[in-house]
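Worksheet: the structure to be examined is printed underneath.
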Amino acid sequence: MLATLGNISLHLAFVTAAVAGLAGVISGQTGSRRYYAAACNGTYVTFGLLALASSILIHAFATHNFDLMAVAQYSDTRMHWMYLMAAFWGGQAGSLMFWTGTLASFSAIAVALHRRTDRALMPWFIAIVMGLAMFLMFILLIKSNPFDTFVLSDPPKEGQGLNPLLQTPLMVMHPPSLLTGYVAMALPFAFAMAALISGRLDNAWLVPARRWVLVSWLFLSIGNMLGGMWAYEELGWGGYWAWDPVENAALMPWIASTAFIHSMMIQERRGMLKRWNVVLVTVSFLLTLTGTFITRSGLIDSVHTFAQSDIGNYFFALLLTFTTLSAVLLIYRWGELRSAAQLDSPLSREAVFVANNWILVGMTFVVFWGTLFPKFKEMATGDKVSIGPPWFNQYLVPLGIILVFLMGVGTLISWKKATWKNFRRNFLVPVVATLILAPALCAGYWFLRAQHLELTLVPKEAGYAIGAVFASVFVFCATASEYWRGIAARMRSREEGPLEAALNLLSKQRRRYGGYIVHVGFILAIIGFSGAAFKVEQDVTMRKGEMVDLGDYLVRYDGLTVRQDKEKELIEATVTVLGADGTEVTVVKPAKAIFHSSPNSPTSEIAIDTGPVEDLYFALAGFDDRGEVASFKMVVSPLVWWFWFGGTVLIFGPLICLWPEGAKMPTNVYRRAARGGAAVAVLAGLSFSPLALWTMEADAQPAAQEHKHDDNKAGPVVRTHDPRLKRMMMMIR
Ligand code: HEM
């Protein structure tokens with residue numbers, strides 16, 4: 001019954017999207033108000049129907065309705081409600097449903113927000129987003145329908161459960177964040193296309209496009225960050241970014257849209273780069289389709305591909321269609337998209353933004369090439385090659401350092417033409433402060449911590465790390481000095497106190513200071529990234545009670561415990577970490593989990609003791625059948641915490657940038673309440689931020705029942721039919 005209702009809503013939504021899209025085209029061509037109203041209302045109705053269909057599917061997962069194949073395939077009755085939600089978008093049909101529903105909801109919000117202000121663009125905008133929604137619904141209906149039921153056999157009593165690798169809080173958040181980022185990127189693209197079709201080639205399309213590209217950028221940032229955390233927490237290789245094709249697929253639109261966020265400012269201020277902006281927003285959108293194509297088609301092997309099938313071909317067709325459409329429109333309007341001004345000087349903010357764009361586009365290309373080259377090569381010659389992190393790092397690390405350095409320059413330099421006076425006034429203090437602070441930080445870290453880790457430094461990596469710290473400190477000083485000059489000016493001219501001036505400045509120039517918050521978050525993440533140069537890493541096999549060195553720590557293996565809960569069996573090692581003076585630093589419990597629903601796919605439960613100076617990271621790699629001997633991956637990972645902290649700071653920036661400009665700071669008694677509310681919002685945001693989620697994950701001890709534990713005699717016997725676990729045991733014996 002519910003399945004039928006879901007199916008009917010989906011079919012009806014397809015029809016209403018078609019009506020809305022067609023009404024949009026007619027209204028765009030004729031200017032008809034009635035058709036325009038029909039297009040807007042059709043968008044709302046499509047959203048309503050898809051919301052109904054999604055709610056039915058969520059209800060089916062929540063009530064374990066195994067009549068639906070999608071529910072039986074991706075969930076079981078033992079799963080926590082949180083993972084039932086993850087199961088909704090964990091499979092092919094559910095993730096497409098989520099995508100389509102989110103597109104419909106964003107389209108409806110965009111129509112509500114812009115239907116009056118952007119009357120000329122909206123009919124075409126609706127035609128494009130509804131066309132895309134129809135395409136997604138078409139795949140849902142003919143290829144991957146979440147409401148399909150068992151026809152030839154009875155529905156099962158129990159579902160197959162979700163891939164154990166996906167059963168972590170990070171994976172509950174990561175896929176929907178990325179999917180939302182992908183979906184939102186369709187909106188700025190649709191505004192750009194609407195501008196090209198309607199011929200409104202002034203800056204009007206940039207206003208809604210900016211809003212939606214920032215929404216997309218925000219979700220892509222969160223999604224990428226959570227994906228990195230998941231890799232760090234679950235995959236057990238000791239890092240968070242491996243330049244895996246699926247990671248790269250999500251990173252490319254993020255980098256390209258970062259370029260667009262900056263280049264649009266030049267069009268808004270100077271009327272330049274009009275063609276370039278259309279190209280960039282189109283490329284950002286097409287890269288989201290490329291990402292989906294890579295993920296869904298199985299074109300490239302990846303550890304992250306979970307919802308794979310032949311629908312990749314449909315996305316390829318969509319990619320070709322939109323590429324052709326945008327190319328034709330761009331060529332058609334090429335002449336009208338001429339720049340209104342020229343670059344006045346290479347020493348200007350515009351020139352730095354252009355450099356920023358070239359670097360970001362270069363980085364996108366490197367990631368694109370590194371991801372797809374092995375496939376191109378295989379298709380051309382039949383040879384299989386693989387491209388690993390060193391290849392990506394050799395280009396991206398130096399480009400990244402130059403980008404960060406320019407970020408500082410771009411913050412300080414004047415528009416149009418920088419004069420010697422501008423350099424002296426704006427650059428002197430930040431440059432001097434950098435020349436004092438950066439060497440102090442590097443030397444402090446080396447003498448207080450790094451030299452004790454008994455590192456074998458790779459000179460190139462250490463050089464890059466030092467370069468990254470210098471560039472980051474420069475950005476920090478540049479941003480602080482800019483902010484301080486703004487505060488001081490307000491204090492002088494309006495007689496405000498420092499805190500009031502700081503808050504007013506933030507609220508009056510949200511775009512600017514929101515952007516600076518993003519920059520500060522980014523450099524904190526870069527500092528975290530540079531910590532990799534000082535990483536200590538080893539794979540060791542130990543007998544119970546034995547100790548090994550790890551940097552300046554001593555690590556002791558204390559034995560195995562087997563624990564059970566209703567979802568899984570947990571084989572947990574106890575590892576004690578001692579400082580150089582023999583005092584206990586921490587006790588950690590890396591484990592292998594065997595989910596009852598997937599006994600053949602044991603997962604690693606990594607143990608991490610995290611902190612701002614360094615993480616102690618332990619993965620249990622293998623053990624013998626009595627727990628007498630176990631092997632581990634152990635890592636001292638310096639500064640990783642800053643990567644997550646920077647990522648958390650970074651996501652507040654777009655929120656500030658997106659805050660509506662009209663929303664003024666309230667006066668008098670409301671002002672205090674507003675500040676209180678803002679403080680609560682910041683705290684709430686921080687608590688649900690990537691950093692908080694990650695700390696929660698890292699600190700969480702599995703709530704399992706102890707099954708058998710014997711510290712003094714022989715260890716617990718681990719019995720398993722799982723071939724992978726058996727292999728691990730064999731390896732140790
Ligand atoms: C050469 C490098 C860069 C330069 C020169 C630069 C410069 C700037 C400036 C000056 C602003 C404020 C604009 C204003 O005054 O209204 C800004 C905003 C912003 N920047 Fe950057 N930036 C650079 C790199 C980056 C990177 C790598 C990121 C991403 C991590 C980033 C993210 C942002 C965001 C999100 C905004 C807000 C844009 C808006 O609200 O429309 N920037 N950038």
Side-chain angles (χ1 to χ4, degrees), residues 181 188 203 206-222 224-225 251 253-270 277 280-281 284 346-364 396 399-415 418 426-427 430 468 471-472 474-476 478-479 481-483 485-486 505-506 508-529 643 646-661:
N203 295 347
L206 289 178
V207 177
R210 170 181 171 256
R211 178 176 283 171
W212 288 101
V213 84
L214 281 174
V215 171
S216 168
W217 193 89
L218 169 68
F219 280 100
L220 286 177
S221 306
I222 297 174
N224 276 314
M225 191 65 63
L251 187 66
W254 184 87
I255 308 180
S257 57
T258 305
F260 175 60
I261 283 170
H262 293 87
S263 66
M264 75 162 79
M265 287 188 228
I266 304 186
Q267 181 174 339
E268 283 170 314
R269 281 184 166 254
R270 305 286 319 273
N277 280 324
L280 267 187
V281 75
S284 305
L347 291 179
S348 63
R349 191 172 284 193
E350 294 90 315
V352 179
F353 272 38
V354 171
N356 144 316
N357 264 238
W358 279 112
I359 294 174
L360 287 165
V361 169
M363 291 171 102
T364 312
L396 294 173
L399 282 175
I401 295 172
I402 300 171
L403 182 74
V404 173
F405 172 71
L406 285 178
M407 202 190 251
V409 177
T411 306
L412 298 172
I413 201 166
S414 338
W415 289 99
N426 293 2
F427 280 79
S472 301
F474 175 52
V475 172
F476 183 81
T479 313
S481 94
E482 262 293 289
Y483 202 21
R485 277 193 299 135
L505 207 58
L506 198 66
K508 293 271 160 22
Q509 298 184 42
R510 289 179 202 132
R511 181 174 194 171
R512 188 163 182 200
Y513 290 100
Y516 291 167
I517 288 177
V518 173
H519 293 174
V520 169
F522 188 67
I523 55 152
L524 291 175
I526 291 285
I527 287 181
F529 194 72
F643 191 77
T648 302
V649 172
L650 180 143
I651 60 175
F652 281 97
L655 292 178
I656 292 172
C657 295
L658 279 167
W659 202 265
E661 287 293 339

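Both ligands and their constituent atoms are indexed starting at 1 by order of listing.
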Notebook entry, point to check: Considering only the protein, which heavy-atom contact is closest to atom 5 (C) of ligand 1, and what is its distance?
Noted result: L406 O, 3.4 Å
Next item on the list: Pull out every atom of ligand 1 sitting under 4.0 Å from any heavy atom of W254, numbered as shown with elements.
Entry: 30 (C)
Margin query: Taking 4.0 Å as the limit for heavy-atom contacts, which would you say applies to M264 with ligand 1: side chain only, backbone only, both, or neither?
Written below: neither
Check: R269: what forms a side-chain hydrogen bond (donor to acceptor under 3.5 Å, both in side chains) with it, not counting sequence neighbours?
Finding: none
Note to self: Do V475 and F522 make a side-chain contact, defined as non-hydrogen atoms from C-beta onward lying under 4.5 Å apart?
What the structure shows: no
Notebook entry, point to check: Do I517 and L506 come within less than 4.5 Å of each other through their side chains, counting heavy atoms only?
Noted result: yes
Notebook entry, point to check: Are the side chains of R210 and C657 in touch, meaning some heavy atoms are under 4.5 Å apart?
Noted result: yes
Item checked: Side chains of V361 and L280 in contact at under 4.5 Å (non-hydrogen atoms) -> yes
Check: Among protein heavy atoms, which sits nearest to atom 15 (O) of ligand 1, and what does the distance come to when rounded to 0.1 Å?
Finding: R512 CG, 3.5 Å
Check: Are L214 and ligand 1 in contact, using a heavy-atom cut-off of under 4.0 Å?
Finding: yes
Item checked: By ring pair (Phe, Tyr, Trp, His ring centres under 6.0 Å) - contacts of F405 (at least two apart) -> F474
Check: Which ligand 1 atoms are under 4.0 Å away from a heavy-atom of V352?
Finding: 5 (C)
Margin query: Under 4.0 Å from a heavy atom of L403: which atoms of ligand 1 are those, numbered in the order shown and with their elements?
Written below: 1 (C), 2 (C), 27 (C)
Check: Looking only at protein heavy atoms, which one is nearest to atom 29 (C) of ligand 1, and how far off is it?
Finding: W217 CZ2, 3.4 Å
Next item on the list: Would you please determine whether Y513 falls within less than 4.0 Å of ligand 1 on a heavy-atom basis?
Entry: no
Checklist line | Atoms of protein origin (N, O or S) under 2.8 Å from atom 21 (Fe) of ligand 1 | finding: H262 NE2, H519 NE2
Checklist line | Contact atoms of ligand 1, heavy-atom distance to F522 under 4.0 Å | finding: 27 (C), 30 (C)
Notebook entry, point to check: With a 4.5 Å heavy-atom cut-off, do I656 and Y513 have their side chains touching?
Noted result: no
Next item on the list: Kindly indicate whether the side chain of P430, heavy atoms from C-beta on, has any atom under 4.5 Å from the side chain of L412.
Entry: yes
Notebook entry, point to check: Looking only at protein heavy atoms, which one is nearest to atom 41 (O) of ligand 1, and how far off is it?
Noted result: R210 NE, 2.7 Å
Next item on the list: Can you see which heavy atom on L655 is nearest to which on I651, and at what distance?
Entry: CG-O, 3.5 Å
Next item on the list: Could you list the residues that satisfy ring pair (Phe, Tyr, Trp, His ring centres under 6.0 Å) with F353, not counting sequence neighbours?
Entry: H262, W415
Notebook entry, point to check: Relative to the heavy atoms of C657, which atoms of ligand 1 are at a distance of less than 4.0 Å?
Noted result: 37 (C), 40 (O)
Check: Closest non-hydrogen protein atom to atom 13 (C) of ligand 1, residue and atom name please, with distance?
Finding: M265 SD, 3.3 Å
Check: Considering only heavy atoms from C-beta outward, does the side chain of I413 approach that of N426 to under 4.5 Å?
Finding: no
Next item on the list: Could you check atom 9 (C) of ligand 1 against the protein and tell me its nearest heavy-atom contact, residue, atom and distance included?
Entry: F353 CZ, 3.7 Å
Item checked: Shortest non-hydrogen separation from L399 to I359 and the atoms involved -> O-CG2, 3.7 Å
Next item on the list: Could you tell me whether the side chain of W358 reaches within less than 4.5 Å of the side chain of V354, counting heavy atoms only?
Entry: yes
